[in-house]
Amino acid sequence: MTQWHPPAGVSGDSGLIKVSVGMLGPARYRCPARDALNARPRYRADTPVLRKPEKLESFANGPFMDALDLIEHQGLGTEDALRKVTQRPMHDSVRRWTEHAVTGYRKAFPPDGEEGLLPSRGRWVYQSVLSQPDPRGARQYRITVWGRCYRTPDGRLREVRLPSNRLDGRVRTDAEIAVAALVLASGGPEGPPEHIRIRQFGMLEGRSATLFDGSRRAALDLYAVAGRAALTQLVDAGEPIVYRPGSSCADCPFSAICPELPRTPGLLGVRNRKRPRRSWSATSARNHAVCPAKDYGRRQRLPVAQDVERGPAAERGRAVHRYLERRHDEAVEPCDTRIPEDWVPPGFDLTPEDQALGLLLLRHHSVVCPVHLTHDRSDLRVEPDLVYEDPDADTVVLAKPDLLYHDGHTWVWREVKTSASGRRGTRPWLERYPQLALATLLAAHDEYGLGIGRVELEILRPAGADLYTLDPLTPAIRRQAETVISESFGRWQDDDHFLPTPGRHCGDCETARWCPARETTGGAE
């Protein structure tokens, strides 16, 4: 343990350190600096981030927990609890999702279920109070776990059920399970239990899986092996402190003092700081243009229909992208036409016809592979996560190029698309693919720190590869990009309710299950 110092622009003390088990989730989704600061609730940013609430429920799984609290602690029936909770301002998709999840939970765990488990009104909290401050300056530690808590009447068994949208969608880390085991084994005012059980409940499937089932001693041993070091790393955030900007910057109370979040005033072409602070991407623009409800459902991470999300064309395109991602990430020499017959990456299920078409597209890519123009691997950045803040719009902007490469003179932004058709259409590329418009503006402003370059669109078709170049310094191109971004972003930013726009596209909507408006289109549930 080393002495911990907050970053510049933060005031307070480390007397209390409070950690939630969920903060130990997969590292790629977490910002170490934010977690370390949030773990110290007495810290405040000298430059606060103004909180402007949304009109609708902003946490899709919150109503699920609230409804179960009403059922288990206030004795309401399922229908009455759902009626009371869903009267709050919330999107129809979240209302449907809540009804589905609560009903599934009650079927999976009926009141007269196994071992006579009783709901615990308060959640267990592990606490440790020191006589003197430690090197972090802390005198009190508190660890909590978010889930449904139960115990047997004699207190010998404790169980926590961790909600997850899909049973196999949210893989719990060893550290999460280990620290949750510690909380159950040693938290709470009651005497310690003899047995601990941790389950994950899949809200979509209405089923659960056991993550840990063992004695209190086994739970404490698990914490010593897989939890203690991870908890220390989370609280200390490394030296120096590691920042990982991402979508969570939108609701981070310390984002205004983050040294790794680039500020790009005017990027989105809208001056309006009165709207709720959100994160926005070209994907949001594309989904919102099709149907605002679809965009909302995706951003709320509602479960999607796998048969739509992973339809044949989409699955083939993703498989080609994954192959190229791995090939470029390990690039020693340019791609060539020698594509292995078993090229399909693990986890993809393609028909023989789609495998053959994907093979053909990959061979076409070899002609325009950007590695022909690079010198070494330092000239390539494969699918980097780029994050910016436009303070004029109080919005965090997310971008993920397929490839950034250096051609010896400048950096180039390359987007890759696949198509089974030879039709090129007449709609301008910047309108068809908003990420190209965003890339053009970032390149024109030189805001991603790689030097002004060009933007490229590579489209792989059965007949060959098309390569289009956009010059961000050409006034007409730049004006068109500015129009596309400001108009699409402005509509999205001004939207409070994200109402559905039913139409033919409902049949290809991966979140339509949670949208009552789809029923009017004649599509099947």
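The basis for the numbers below is simple: all heavy atoms, side chains too, and nothing from hydrogens, waters or symmetry mates.
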[atom1] of [X] to [atom2] of [Y]: how many Å apart, nearest 0.5 Å?
X: Lys400; Y: Glu383; atom1: NZ; atom2: CD; value: 5.5 Å
X: Gln300; Y: Leu56; atom1: CD; atom2: CG; value: 8.5 Å
X: Leu302; Y: Arg513; atom1: CG; atom2: CZ; value: 11.0 Å
X: Trp413; Y: Leu470; atom1: CH2; atom2: CG; value: 12.0 Å
X: Leu460; Y: Arg363; atom1: CG; atom2: CZ; value: 13.5 Å
X: Phe64; Y: Leu82; atom1: CZ; atom2: CG; value: 10.5 Å

Minimum heavy-atom separation for [X] and [Y], please, with both atom names.
X: Leu436; Y: Glu415; value: CD2-CG, 3.8 Å
X: Phe201; Y: Ala108; value: CE1-CB, 4.0 Å
X: Ser255; Y: Val49; value: OG-CG2, 3.4 Å
X: Gly317; Y: Thr418; value: CA-OG1, 3.5 Å

Any side-chain donor-acceptor pair under 3.5 Å between [X] and [Y]?
X: Glu57; Y: His91; answer: no
X: Glu72; Y: Tyr150; answer: yes
X: Arg286; Y: Gln435; answer: yes
X: Tyr105; Y: Arg148; answer: no
X: Asn61; Y: Trp97; answer: yes

- Message: If you apply the rule salt bridge (Lys or Arg N to Asp or Glu O under 4.0 Å), what do you find for Asp92 with Arg95, and how did you get there?
- Response: CA-CA 5 Å; Asp92 280 343; Arg95 186 174 289 109; 2.6 Å; yes

- Note on the structure: Tested for side-chain hydrogen bond (donor to acceptor under 3.5 Å, both in side chains) against Gln200, the lone hit among Arg172, Arg161, Arg207, Arg166 is Arg172

Heavy-atom side-chain contact between [X] and [Y] under 4.5 Å:
X: Val270; Y: Gln493; value: yes
X: Asp168; Y: Glu205; value: yes
X: Cys291; Y: His505; value: yes
X: Cys335; Y: Leu362; value: no
X: Trp280; Y: Val396; value: no
X: Ile198; Y: Ile177; value: yes
X: Leu398; Y: Leu386; value: no
X: Asp466; Y: Arg461; value: yes

- Flag this pair as yes if the NZ/CZ of Arg299 is under 6.0 angstrom from the six-membered ring centre of Phe498 and inside a 45 degree cone about the axis; otherwise no. yes

- Message: Under 6.0 Å from the ring centre and within 45 degrees of the ring axis: does the NZ or CZ of Arg278 meet both conditions for the six-membered ring of Trp492?
- Response: yes

Is it the case that atom [atom1] in [X] sees more than 12 heavy atoms from other parts of the structure closer than 6.0 Å?
X: Lys18; atom1: NZ; result: no
X: Gln233; atom1: CD; result: no
X: Tyr29; atom1: OH; result: no
X: Asp494; atom1: CG; result: yes
X: Glu79; atom1: CD; result: no

Is the shortest distance from a Lys or Arg side-chain nitrogen in [X] or [Y] to a carboxylate oxygen in the other one below 4.0 Å?
X: Lys55; Y: Asp495; answer: no
X: Glu309; Y: Arg298; answer: yes
X: Arg318; Y: Glu325; answer: no
X: Arg197; Y: Asp213; answer: yes
X: Asp80; Y: Arg83; answer: yes
X: Glu99; Y: Arg96; answer: no

- Taking the six-membered ring for Trp, are His365 and His328 ring centroids under 6.0 Å apart? yes

- Query: Would a line drawn from the ring center of Tyr405 to the ring center of Trp411 be shorter than 6.0 Å?
  - Reply: no

Could you check whether any side-chain N or O of [X] sits under 3.5 Å from a backbone N or O of [Y], counting only pairs where one atom can act as donor and the other as acceptor?
X: Arg414; Y: Leu403; answer: no
X: Arg199; Y: Phe212; answer: no
X: Ser488; Y: Ala289; answer: no
X: Lys52; Y: Arg275; answer: yes
X: Arg244; Y: Ala27; answer: yes

- Residues which pass side chain to side chain donor-acceptor pair (under 3.5 Å) with Asp35, listed by chain and number, not counting sequence neighbours: Arg30

- Passes salt bridge (Lys or Arg N to Asp or Glu O under 4.0 Å), Glu510 versus Lys294? Steps please. CA-CA 8 Å; Glu510 61 275 22; Lys294 174 180 178 177; 3.7 Å; yes

- Query: Which residues pass the ring-ring contact (aromatic ring centres under 6.0 Å, His included) test with Trp343, sequence neighbours left out?
  - Reply: none

- Quick one: which of Leu268, Leu267, Val397 gives a side-chain contact (heavy atoms from CB on, under 4.5 Å) with Phe489? Leu268

- Query: Would Arg88 and Asp66 count as a salt bridge (Lys or Arg N to Asp or Glu O under 4.0 Å) if you check the C-alpha gap in whole Å, the side-chain angles of each, and the deciding distance to 0.1 Å?
  - Reply: CA-CA 11 Å; Arg88 302 188 326 222; Asp66 294 342; 3.0 Å; yes

